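I have placed the structure first, in the form of structure tokens, so that the comments after it can refer back to it.
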Amino acid sequence: MSHFTMTIAGEGVTAPGTFGVVNPATGAEHAEAPDCSREQLDEAMASAADAFPVWRSDEPARRAALLAAAEALFASAADLAPVLTAEQGKCLQDATMEIIGTGVWLKYFAELELPREVIQDDARAFVEVVRRPMGVVAAITPWNFPVLLAAWKLGPALLAGNTVVLKPSPYTPLTTLRLGELLRGVLPPGVLNVVSGGDRLGAWMTEHPVPRKISFTGSVPTGKKVAASAAPDLKRVTLELGGNDPAIVLEDADVAAVADRLFAGAFFNNGQTCSAIKRVYVPDALHDDLVEALAERARSARVGNGMDEGVQYGPIQNRPQFERVSELVADALAGGGRAAAGGRPIDGPGYFFEPTIVAGVDDGSRIVDEEQFGPALPVVRYSDLEDAVARANGTEFGLSGSVWGTDTDRAAEVAARLECGTAWVNTHVALAPHQPFGGFKWSGLGVENGPWGLHGFTELQVVHRAKS
Ligand code: NAD
């Protein structure tokens with residue numbers, strides 16, 4: 001078994017205990033990760049606090065270090081991708097894309113301007129509005145895109161002059177631990193600390209007195225706990241939470257033209273994407289054709305161990321999630337739904353589930369109302385567009401959504417009525433470093449990416465110089 005260490009104060013650190021990490025393609029433990037003790041978390045926080053004064057004072061050095069970090073990721077993609085596939089399940093090609101994307105995000109932030117605005121310059125005063133770093137940032141990530149989502153936090157946090165303690169999900173700690181090891185030679189000691197452990201380590205981080213900011217990506221229930229835990233200390237929080245993204249297909253859509261992109265928008269990363277399409281609303285006239293077009297794609301999708309050549313979709317990442325997807329699909333079928341494709345777990349070791357298209361379900365069915373976060377997509381028919389929009393919005397979630405049609409102006413008009421952070425037209429999960437990403441309602445608080453994401457890692461300060 002390979003050896004993985006945490007990074008604290010620039011050093012590789014083992015912990016008093018370890019926990020096993022399962023390869024979801026085999027269902028067997030394949031590695032051990034350090035289980036960070038409370039004392040070690042204190043050390044990580046102290047080292048981040050110690051590194052802060054020097055790090056915050058040298059912007060050119062920060063930019064150079066972030067660029068070097070991006071280059072290190074590009075150069076290590078072939079080494080890191082198999083580690084990611086083995087712990088997360090995604091196919092090697094997607095794992096490689098995630099590592100390269102991590103570098104792309106760091107490079108974007110290395111080059112992003114830190115705003116400084118003069119709002120008054122007259123006989124009486126010179127007044128500037130500037131962005132100051134906050135101090136230590138506690139960053140907590142989920143298991144679906146462990147390294148890319150870490151970069152969404154590290155890039156802006158570090159550029160702004162903060163230092164970071166980063167904790168990956170206990171299901172997928174390994175590539176993030178490797179990231180810490182890789183960046184030991186690139187970032188000054190203490191600037192990035194990487195710790196691993198169970199959920200309680202996340203709770204220790206949010207209640208810890210040192211961090212001034214919690215940047216969290218994960219589920220709605222955990223996000224609420226994070227917000228509550230940060231409140232007594234008035235720590236700043238950014239929460240990127242779950243979604244139940246609707247895709248509304250309009251009557252003028254060309255089914256053959258949109259089916260590939262709809263399928264990709266739902267099944268990217270095996271459906272384990274916060275902003276994946278999680279339910280499709282389709283008008284009566286197009287319903288049967290669309291169900292069949294999506295089912296065809298589901299039937300021909302190549303599912304298997306992500307390390308194997310030609311595999312497009314790996315296993316579901318962990319057993320509880322596999323059981324949840326199985327349960328939601330079984331519930332839909334028991335309630336009168338029809339599996340136009342798939343519908344069952346795949347026999348054998350590992351957490352494999354057939355890519356599934358469920359027809360004949362409606363709002364009120366769990367698979368439509370809840371975030372399934374896996375390879376099972378419900379297609380819901382509608383007769384009245386107003387009703388479809390109301391149902392799309394009739395949820396506590398509000399991460400993103402999309403509208404599909406040939407008349408793109410009309411589709412954009414409908415998209416503008418979706419109550420969500422990103423409204424796409426004829427695409428879905430089109431994310432980029434310069435594009436802010438966040439959720440309405442229970443899907444989040446604050447945004448990541450772009451200058452808006454950078455602002456979330458700063459305090460706004462007014463510098464007012466009197467002239468007379
Ligand atoms: P989760 O909420 O179970 O865990 C996320 C992280 O929080 C993990 O590192 C976990 O160890 C930690 N954690 C658990 N309890 C904690 C606590 N009390 N205090 C602090 N940290 C704690 O989520 P998950 O199952 O890993 O991820 C799936 C969820 O994440 C889905 O709902 C998905 O939609 C969401 N997600 C959202 C985005 C986004 O950008 N909006 C991106 C990816 C995933």
Side-chain angles (χ1 to χ4, degrees), residues 244-273 276-304 311-316 321-347 351-385 387-388 391-392 401-405 426-429:
N244 190 12
D245 287 13
I248 301 180
V249 178
L250 302 180
E251 319 83 68
D252 71 345
D254 176 347
V255 167
V258 299
D260 275 339
R261 264 184 281 162
L262 273 169
F263 187 81
F267 286 83
F268 175 53
N269 206 39
N270 221 9
Q272 302 165 119
T273 303
I277 298 172
K278 306 233 168 84
R279 49 198 170 122
V280 178
Y281 290 95
V282 59
D284 293 319
L286 301 184
H287 175 269
D288 293 355
D289 286 350
L290 186 71
V291 167
E292 188 42 37
L294 293 173
E296 235 174 64
R297 283 153 182 82
R299 286 191 287 264
S300 60
R302 280 167 307 205
V303 180
V311 163
Q312 296 169 298
Y313 300 98
I316 292 176
Q321 189 60 27
F322 168 79
E323 282 166 2
R324 179 173 162 72
V325 172
S326 306
E327 183 186 311
L328 289 182
V329 171
D331 176 79
L333 301 184
R338 174 176 72 87
R344 283 170 314 185
I346 297 174
D347 284 343
Y351 311 137
F352 291 98
F353 198 90
E354 295 173 342
T356 296
I357 303 295
V358 180
V361 284
D362 214 334
D363 295 77
S365 167
R366 287 184 63 199
I367 201 166
V368 180
D369 292 356
E370 298 182 20
E371 183 186 35
Q372 68 274 42
F373 214 63
L377 178 69
V379 180
V380 181
R381 61 161 79 231
Y382 71 82
S383 307
D384 170 40
L385 180 60
D387 179 47
R391 288 196 267 161
S402 56
V403 180
W404 304 70
N426 289 335
T427 187
H428 208 107
V429 210

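Here the structure is a predicted model, which is why all the values come from computation and not from measurement. Numbers here simply count residues along the sequence, with the first being 1.
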Checklist entry - Roughly how far apart are Leu385 CG and Glu251 CD, rounded to 0.5 Å? => result 6.5 Å
Checklist entry - Does the salt bridge (charged side-chain N to carboxylate O under 4.0 Å, His left out) test come out yes or no for Asp288 and Arg381, once each step is laid out? => result CA-CA 9 Å; Asp288 293 355; Arg381 61 161 79 231; 3.8 Å; yes
Checklist entry - Side chain of Arg279, backbone of Val380: donor and acceptor closer than 3.5 Å? => result no
Next on the checklist: Would you say CZ of Arg299 has more than 12 non-hydrogen atoms from neighbouring residues, nucleotides or ligands within 6.0 angstrom?
Outcome noted: yes
Item to check | Side-chain donor or acceptor of Ser402 paired with backbone N/O of His428 under 3.5 Å | outcome: no
Next on the checklist: Are Ile357 and Phe267 packed together at the side-chain level, in the sense that at least one heavy-atom pair is separated by less than 4.5 angstrom?
Outcome noted: yes
Checklist entry - Which of parallel (below 30°), tilted (30 to 60°) and perpendicular (above 60°) describes Phe353 and Phe322? => result perpendicular
Next on the checklist: The test is side chain to side chain donor-acceptor pair (under 3.5 Å); show your working for Asp387 and Tyr281 and say whether it passes.
Outcome noted: CA-CA 10 Å; Asp387 179 47; Tyr281 290 95; over 6 Å; no
Next on the checklist: In the structure I gave you, are the side-chain heavy atoms of Leu262 and Val249 within less than 4.5 Å of one another anywhere?
Outcome noted: yes
Checklist entry - Nearest 0.5 Å, what's the CD1-OG1 distance between Ile367 and Thr356? => result 7.5 Å
Item to check | Polar side-chain atom of Asn244 near backbone of Val368 as donor-acceptor pair, under 3.5 Å | outcome: yes
Checklist entry - Quick one: does Gln272's side chain have a donor or acceptor within less than 3.5 Å of a partner on Ile316's backbone? => result no
Item to check | Spatial distance of atom CG (Asp331) from atom CZ (Arg366) [nearest 0.5 Å] | outcome: 5.5 Å
Checklist entry - With distance as the sole test, does Asp245 use its side chain to make a donor-acceptor pair with the main-chain N or O of Lys278 at under 3.5 Å? => result no
Item to check | Contact summary for Arg324 and Gln372, nearest pair of heavy atoms | outcome: NE-O, 4.5 Å
Checklist entry - Between the side chain of Asn270 and the main-chain N/O of Pro315, is any donor-acceptor distance below 3.5 Å? => result yes
Checklist entry - Can you check whether Arg261 reaches Trp404 side chain to side chain, under 4.5 Å on heavy atoms? => result yes
